[in-house]
Amino acid sequence: MLNVNIICVGSLKESYWREACAEYAKRLGGFCKFCITEVSESRLPKSYSEADIAKVIENEGKSILSRIGYGSFVIAMCIEGREMDSPQLAARLEQTALCGKSRIDFVIGGSYGLSDEVKRRADLRLSMSPMTFPHQLARVMLCEQIYRAFSINADTKYHK
């Protein structure tokens with residue numbers, strides 16, 4: 001069974017975001033081993049510089065990289081990534097599994113984005129949209145799209 005992990009910076013503060021992710025995690029249980037791994041968000045001082053922001057991105061990147069599984073297919077969620085529709089994502093996940101990968105790690109960075117090291121490690125850079133979304137909403141949207149992709153591949157009625 002395919003292992004699918006979302007590695008993300010920060011935690012979900014509001015219960016409705018946590019409940020939405022939990023619902024998709026439950027639904028995904030029939031298709032894959034799914035989990036969400038949260039890494040700590042780095043804090044900026046009250047008065048900060050561009051160098052401080054760069055350090056935050058670097059620290060969060062190191063935490064993310066330490067959670068990526070050996071041999072994982074890594075999908076970095078970033079605005080400069082490739083846009084795909086749901087059937088294309090479904091096909092990509094299926095193709096990845098057929099190529100012998102047993103784990104897919106999706107990565108959602110912090111408020112200032114992903115480090116260059118994380119982007120270089122990624123096998124695919126994926127953008128949800130040219131628009132910007134709150135990280136909490138992006139996580140729920142990604143969970144839904146992963147569930148939709150598995151539903152498409154299983155030919156269920158969810159996507160119709």
Side-chain angles (χ1 to χ4, degrees), residues 1-43 56-57 59-79 81-97 101-115 118-119 121-160:
M1 183 174 270
L2 189 62
N3 293 289
V4 178
N5 187 27
I6 297 176
I7 303 169
C8 48
V9 174
S11 60
L12 297 176
K13 313 277 188 283
E14 292 84 6
S15 62
Y16 52 88
W17 296 129
R18 289 191 303 272
E19 290 166 9
C21 286
E23 177 62 26
Y24 288 113
K26 182 177 80 174
R27 292 179 185 192
L28 279 161
F31 297 114
C32 65
K33 291 177 95 179
F34 179 77
C35 71
I36 297 174
T37 303
E38 296 176 343
V39 299
S40 296
E41 186 176 9
S42 295
R43 300 286 180 200
V56 162
I57 293 169
N59 288 341
E60 290 174 351
K62 287 178 182 176
S63 291
I64 289 167
L65 289 169
S66 73
R67 305 304 194 294
I68 292 174
Y70 177 78
S72 288
F73 186 84
V74 178
I75 301 174
M77 305 304 296
C78 48
I79 198 157
R82 177 178 170 209
E83 290 183 29
M84 291 183 177
D85 63 19
S86 298
Q88 288 171 319
L89 178 61
R92 178 60 126 175
L93 296 184
E94 186 173 54
Q95 175 190 20
T96 300
K101 294 287 185 178
S102 61
R103 179 171 167 157
I104 299 174
D105 287 327
F106 288 86
V107 179
I108 301 174
S111 298
Y112 295 99
L114 292 170
S115 69
V118 172
K119 290 178 188 178
R121 171 59 184 89
D123 298 292
L124 171 65
R125 295 181 191 181
L126 183 63
S127 174
M128 289 185 179
S129 165
M131 293 185 277
T132 302
F133 299 104
H135 283 51
Q136 297 90 339
L137 178 58
R139 189 186 309 189
V140 173
M141 290 170 56
L142 180 57
C143 288
E144 192 280 336
Q145 283 299 299
I146 294 168
Y147 175 68
R148 184 175 295 275
F150 277 99
S151 296
I152 290 168
N153 289 337
D155 199 29
T156 70
K157 293 182 180 182
Y158 181 79
H159 181 63
K160 297 180 177 36

From I7 atom CD1 to E60 atom CD, the distance as rounded to the nearest 0.5 Å
13.5 Å
Run R125 and D123 through salt bridge (Lys or Arg N to Asp or Glu O under 4.0 Å) and show every step you take.
CA-CA 7 Å; R125 295 181 191 181; D123 298 292; over 6 Å; no
Are the side chains of V118 and L65 in touch, meaning some heavy atoms are under 4.5 Å apart?
yes
Just checking, is any N or O donor in the side chain of Y158 or E144 under 3.5 Å from an acceptor N or O on the other one?
yes
Candidate list L2, L124, I104, I75, test side-chain contact (heavy atoms from CB on, under 4.5 Å), partner T96, passing option
I104
More than 12 heavy atoms of other residues, nucleotides or ligands under 6.0 Å from CE of M131: yes or no?
no
Nearest 0.5 Å, what's the CG-CE distance between L89 and M128?
9.5 Å
What distance do Q145 atom CD and L126 atom CG have between them, rounded to the nearest 0.5 Å?
9.0 Å
Are any of the side-chain heavy atoms of S115 and K62 separated by less than 4.5 Å?
no
Say you draw a straight line from SG of C32 to CD1 of I146; how long is it, rounded to the nearest 0.5 Å?
7.5 Å
Between Q88 and R82, does the side chain to side chain contact (heavy atoms under 4.5 Å, CB included) criterion hold? Intermediate values first, please.
CA-CA 11 Å; Q88 288 171 319; R82 177 178 170 209; 4.2 Å; yes
Side chain proximity check, F73 to R92, heavy atoms < 4.5 angstrom
yes
Assess the side chains of S129 and E83: does a donor N or O sit below 3.5 Å from an acceptor N or O?
no
Distance-only, no hydrogens or angles: does the R18 side chain make a donor-acceptor pair with backbone N or O of K13 under 3.5 Å?
yes
Could you check N153 against F31 for side chain to side chain contact (heavy atoms under 4.5 Å, CB included), going step by step and ending with a plain yes or no?
CA-CA 10 Å; N153 289 337; F31 297 114; over 6 Å; no
If I compare all heavy atoms of L28 with all of Y147, which pair ends up nearest, and what's the gap?
CD2-CA, 3.6 Å
Who passes side-chain hydrogen bond (donor to acceptor under 3.5 Å, both in side chains) against K119, sequence neighbours left out?
E80
Could you check whether any side-chain heavy atom of R139 comes within less than 4.5 Å of a side-chain heavy atom of E38, counting everything from C-beta outward?
yes
Between A20 and V140 the two heavy atoms that sit nearest each other are CB-CG1, 3.8 Å
With R27 via side-chain hydrogen bond (donor to acceptor under 3.5 Å, both in side chains) - residues at least two apart:
E23
Of the non-hydrogen atoms in C143 and C21, which two are nearest, and what is the gap between them?
SG-SG, 3.9 Å
Correct closest heavy-atom pair for D105 and N5 would be OD1-CB, 3.1 Å
Distance col, row H135:NE2 vs E41:CD, nearest 0.5 angstrom, shows 8.0 Å
For a quick test of reading the model, state the closest non-hydrogen atom pair linking I36 to C8 and the distance between them.
CG2-SG, 3.7 Å
